[in-house]
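Reading through the structure tokens given below for one structure.
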Amino acid sequence: MRDVAIIGIGQIPVGEHWDTSIRHLALGAAMNALQDANVAQVDAMYVGNMLSGHISGQEHLGAVVADFLGMAGVEALKVEAACASGAAALRVGLMAVASGMSDIVMVVGVEKMTDTSGQDTTAALAMAADAEYEISQGVSFVALNALLMRRYMHEYGWAREDFANFAVNAHANAVHNPHAMFPKAITAAAYNRAAIIADPVGLLDASPVCDGAAAVILAPLDVARSLSPAPVRVRASAIATDPIAMHDRPDPLALHAARLSSQRAYAAADIQAGDVDFFELHDAFTIMSALSLEAAGFAERGQGVRLALDGEIARDGRIPITTLGGLKARGHPVGATGIYQVVEAVLQLRGLAGAAQIPNARLGMTQNIGGSGATIITHILEAL
Amino acid sequence: MTEKIALDWRLRGQRYRLEGEECPHCGYAIFPPRDICPECHQPAKEPFQLSGRGEVYSYSELRHAPTGFEEYAPYTVALIKLEEGPMVTAQLTDIVPERVEIGMPVEMVTRRLRAQGDEGTLVYGYKFRPRLALA
Ligand SMILES: [Zn+2]
């Protein structure tokens, strides 16, 4: 196996792109990444996406993106793993380069979510759960997270207000991200006042429905330095699964796939959780931030919320998270999210995160969650 | 939402009667039917009738319903830990929302889950209500 590096990154602003179709969202990010890597052609491309068939009536995205990039002929595939589709596509790209089957590979994450009504988008997102035994009962994705949050509060004695700083921190960091959907600070008071959408989940616990695309270019590490002035090494890529339905997991609050995926990534990188300088976690809901911090080894069970309360998730805290806004404030265009996380981690490791920069960031971790936790993918990146 | 008559028909045993399986190797109660035991990973196809009794593991009142369920909002969904072990996701019915709490004893009833459009078939299935007589 060959070591792999990221030699280029690209993204477009996350938001409601009414005048842009899914293919042109992908092209925007892809063109930026190709320019950043200073390459004109790739050997293969993998497109991470969840909902194009349902929302845009368009499957077969590998061929669509390759065609509209003017690269018809190239190897191209769509990769799907619900909200973890972006990281899943990255993993396929990494396997292609590490194995020697391809040299220069592009990975694009893209999602167009605003072409249907809110209810239809809600129903589409629910496809990440168990269609026969969860969705058939009328639960939404928000409701699944509400069930987790209620149980967590019950077991560990937290109040709803204790989760506020996850949202406050994400928004404070997004202020410094020109690609964020909500680059505006919010207060804990605003969090507490926000409308409840599925008790106890409120509007400011949840990440927004939006459009977006992000891309990276991969190359073998041994040639990366000659191609890029600031390559970032991929130290680990690890994926783990759990039962598709939340109710079939022996302990739904354990986020077992996150634990497995993190441990595999630490082992592959030969590091421990404490070595990580920042953690781009999957804060689709505030409860997911708490559970992710615990499963990845940054807090004891039931104490993930404590890290937020104590300010340890801020830029100068023990484990900075969502450093450029996270899913909450940068936005969560589902199939693109895993690549946005990696693009932002690369910016931190290149020292180009501006006012959001983590001082001396050397090791960054990203974690992308599919569904309520049935697929969880972790990547560890290192500045060179 | 499109009509899925064959799909709903195929699931009638589970949906109407909470029919599961019991593992002949380790005795694990399985719901929904998987044919492979999640505990010992051996073949497990013995039919098993769950009692329908359990308690609320968690719950949420849902204000924004997905397509197909709009007319029923707000309604309360829950995770129910069944007496025999398995957990299921289902709606609560016949409740006073303020009185629902974690640990509340509940029992299964068969109710209408939704209508598939104005002229489509009605989909029935399990919901759970507060247990009337505590056995
Ligand atoms: Zn068994």
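Note on naming: letters A, B, ... go to the chains in the order of the sequence lines (proteins, then strands), and numbering restarts at 1 for each one.
- For A:Thr121, no part sits under 4.5 Å from any heavy atom of chain B, backbone or side chain.
- Here the side chain of A:Glu134 pairs no donor or acceptor atom with the backbone of B:Thr89 at under 3.5 angstrom.
- Distance check: A:Gln137 CD to B:Arg114 CZ gives 10.0 Å after rounding to the nearest 0.5 Å.
- Applying the side-chain contact (heavy atoms from CB on, under 4.5 Å) test between B:Arg63 and each of A:Val142, A:Ile196, A:Ile197 identifies A:Ile196 as the sole match.
- Interface residues of residues 13-25 of chain B toward chain A, defined by a heavy-atom distance below 4.5 Å and sorted by number: B:Gln14, B:Arg15.
- Residues B:Ser60 and A:Asp199 have side chains that never bring a donor and an acceptor to within less than 3.5 angstrom of each other.
- A:His247 NE2 to B:Ser58 OG: the interatomic distance, rounded to the nearest 0.5 Å, is 14.0 Å.
- A:Ser140 places no side-chain N or O within donor-acceptor distance of the main-chain N or O of B:Ala65, the cut-off being under 3.5 Å.
- Heavy atoms closer than 4.5 Å to chain A are found in the side chain of B:Arg34, but not in its backbone.
- Separation of atoms CG (B:Leu113) and OG (A:Ser136) is listed at 7.0 Å; rounding is to 0.5 Å.
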Report task. Show your working on side chain to side chain contact (heavy atoms under 4.5 Å, CB included) between A:Tyr133 and B:Leu11 and close with a plain yes or no. Result -> CA-CA 10 Å; A:Tyr133 294 99; B:Leu11 296 175; 3.5 Å; yes

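- In this structure, A:Met246 CE and B:Tyr57 OH are separated by 8.0 Å, a value rounded to the nearest 0.5 Å.
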Counting only pairs under 3.5 Å, give me each side-chain donor-acceptor contact of residues 69-80 of chain B, with atom names and distances, residues two or more places apart or in other chains.
residue	atom	partner	partner atom	Å
B:Glu70	OE1	B:Gly68	N	2.8
B:Tyr72	OH	B:Ala115	N	3.2
B:Tyr75	OH	A:Gly138	O	2.6

